[in-house]
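The chains referred to below are lettered A, B, ... by the order of the sequence lines, with proteins before strands, and numbering in each begins at 1. Bear in mind the structure is a predicted one, so any value in this text is a computation, not a measurement. Keep in mind that the numbers below use all heavy atoms, side chains included, and drop hydrogens, waters and symmetry copies.
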Protein chains: 2
Amino acid sequence: MDKKTQIIEIATKLFSENGFENTSISRVCEASNVSKGLVFHHFKSKDGLLREIFSVTTKKIIEMNESINDEQKPMDRLYDLINSFFIQIKSDKLFFQLNLNVMTQPKTRELLNDLIKERSTFILTSVKQIFNQINTENAEIISYLFIAELDGIALNYLGIFDNYPLEQIKEQLIKKYIKNGI
Amino acid sequence: MDKKTQIIEIATKLFSENGFENTSISRVCEASNVSKGLVFHHFKSKDGLLREIFSVTTKKIIEMNESINDEQKPMDRLYDLINSFFIQIKSDKLFFQLNLNVMTQPKTRELLNDLIKERSTFILTSVKQIFNQINTENAEIISYLFIAELDGIALNYLGIFDNYPLEQIKEQLIKKYIKNGI
DNA sequence: TTGCACTGACTATACGGTCAGTCAATATAA
DNA sequence: TTATATTGACTGACCGTATAGTCAGTGCAA
C-alpha cells in the first residue's frame, strides 16, 4: 500500500482512539513503520494531516450519499437514512468519535472551519431535499432538528450514557418520522 | 477573592475558550496572577483541577434544577425547561463549549467518567420524571430522545452551523412537545 | 543524472510537576 | 502580655520529558 495512504489510515485510527491533541506524530510513525521525516514530507504539518483526514472523510460521506440517492420515494429514502445512520454508528464508532472530537475542540474547529462548513452544508442540503419532497411544512427547520437529533444520539451514545438503548430509540425515531406525519 | 476559587474560575474560562489540552497551567497562572506552585498546592494535578471544575458545574446544574422544581404542572415545567435551555445556550456559550469538549475527548472523558455518569443520570431522571407525569407512553425513550435533541442543538449551534436559526428551532420544539401531544 | 520517496539524528521549545524555602497568621505557653 | 512553635498559603527556580518540526543525506526508479 501507498505509504501516504497508510499514514492517513493509521493516523485516523489513532486520532480517533486517543484524540488529536493526545496523539503525537511519533506515535503515528511507530504504528505505521515510517520515519518522522516522511510524514512531514507528505503533509506540511500535523494540522495539515488532520485537514487531509477530514477532507477524505467528507468525500466518503458525499460518495455514500450519492450511491443511496436512487429514485426511491422520499419516505423510503428517509427510512434508509435513519437505518444506515444506526448501522454506521454501531459499526464505526471511532469515525464518529473523531468527528465529534475535532468539532468540539476550539483549536481544531478553527483549523477545520471551512471544511466543517462545507460538509455540514452538504448534509443540510441533502436532508432538506428529502423533507421538501415529502412536502413537510417548515422543511428547513425540520431538517435542522432532524440532524440535531441524530448528532445528539451519537453524542449521548458514544460519550455520555452507559447502556444506551439504541435500538428502541431508533424505533421511536422511525415511528415519529415515518409512521406519524412528523 | 479566595485564590483557589479564582484559579477555578480563570481555569474554567481558559479551558472553555481554548480547550483543556490546549491550555497550559502556566497560562492559567499568568491569567490569575498566581504561581505555578500554588496551583499544585491546591489541586493534585492538572487533571485534578479539571475534575474539580466539572464537579462544581454539576453542583450548579443540580441546584438550578431544584430551584425550578416548583409545584407547577408538568407541561409547564417542560416548557420552562426548554425555555431556560435556549436562554442558557445563548448566554453561556463557553459553559456548553467546555462540557462538549471534555465529553468528546477520549482522555478527558475517561478521566471524568464517573462524574459524567453521575451528572447524566441526574439529568435523565429529572426529565423522565416530567414525562412520566405528563403520562407519556414510553417515557424513558422519549426522555433519551429529548435530551439528545437538546444536546444535538447545542452541538450544531456551537460547533457546526453558521447562522443557526435557534429561535425557530425553539418554536418548532415547543410546537412538537407542548402543543401537539409529542 | 535528475528527482523524489524516505530516513533518523537533531533542535528548540513548552509542558506538567517538584521542591526548598518565605512569610503572615494563628495557636500555645510563659 | 510577650515569646515561641506550628500551620498552610504561596513563590519561582528548576527538572525530566515529550513535542512538532528540520535537515543533510541515502537509495532507487526513470
Test of understanding: with side-chain contact (heavy atoms from CB on, under 4.5 Å), list the residues that count as partners of L111(A), not counting sequence neighbours. D47(A), L50(A), R51(A)
Non-neighbouring partners of K46(A) that pass salt bridge (charged side-chain N to carboxylate O under 4.0 Å, His left out), sequence neighbours left out: none
For N163(B), which residues count as a side-chain contact (heavy atoms from CB on, under 4.5 Å) partner, sequence neighbours excluded? none
Looking at residues 30-51 of chain B, who's got a heavy atom less than 4.0 Å off DNA chain D? V34(B), S35(B), G37(B), L38(B), H41(B), H42(B)
State whether E137(B) and K175(A) are salt-bridged, where the test is any N-O pair (Lys NZ or Arg NE/NH1/NH2 against Asp/Glu carboxylate O) under 4.0 Å. no
Positions of residues 20-29 of chain A (non-hydrogen atom under 4.0 Å from DNA chain D), listed by number: T23(A), S24(A), I25(A)
Do any pairs count as a salt bridge (Lys or Arg N to Asp or Glu O under 4.0 Å) and have a residue in residues 145-160 of chain B, sequence neighbours left out, and if so which ones? E149(B)-K176(B)
Report the residues that fulfil side chain to side chain donor-acceptor pair (under 3.5 Å) with T108(A), sequence neighbours left out, ordered by chain and then residue number. none
Atom pairs and distances, donor-acceptor, side-chain atoms in residues 24-44 of chain B, under 3.5 Å, two or more places apart:
unit_1: S24(B); atom_1: OG; unit_2: R27(B); atom_2: N; d: 3.3
unit_1: S32(B); atom_1: OG; unit_2: V28(B); atom_2: O; d: 2.5
unit_1: S35(B); atom_1: OG; unit_2: L38(B); atom_2: N; d: 3.3

Could you pull out all residues at least two apart from N132(A) that satisfy side chain to side chain donor-acceptor pair (under 3.5 Å)? none
Nucleic acid contacts of residues 6-14 of chain A, taken as heavy-atom distances under 4.0 Å to DNA chain C: none
Applying salt bridge (charged side-chain N to carboxylate O under 4.0 Å, His left out) to K117(B) and not counting sequence neighbours gives D162(A)
List the atom pairs, donor and acceptor, that lie under 3.5 Å between side-chain atoms in residues 81-93 of chain A and the rest of the protein, sequence neighbours left out.
unit_1: N83(A); atom_1: OD1; unit_2: K170(A); atom_2: NZ; d: 2.9
unit_1: S84(A); atom_1: OG; unit_2: D80(A); atom_2: O; d: 3.2
unit_1: S84(A); atom_1: OG; unit_2: L81(A); atom_2: O; d: 3.2
unit_1: K90(A); atom_1: NZ; unit_2: E167(A); atom_2: OE1; d: 3.1
unit_1: S91(A); atom_1: OG; unit_2: I87(A); atom_2: O; d: 3.2

Quick one: K3(A) NZ to dC4(C) C1', roughly how many Å, whole number? 14 Å
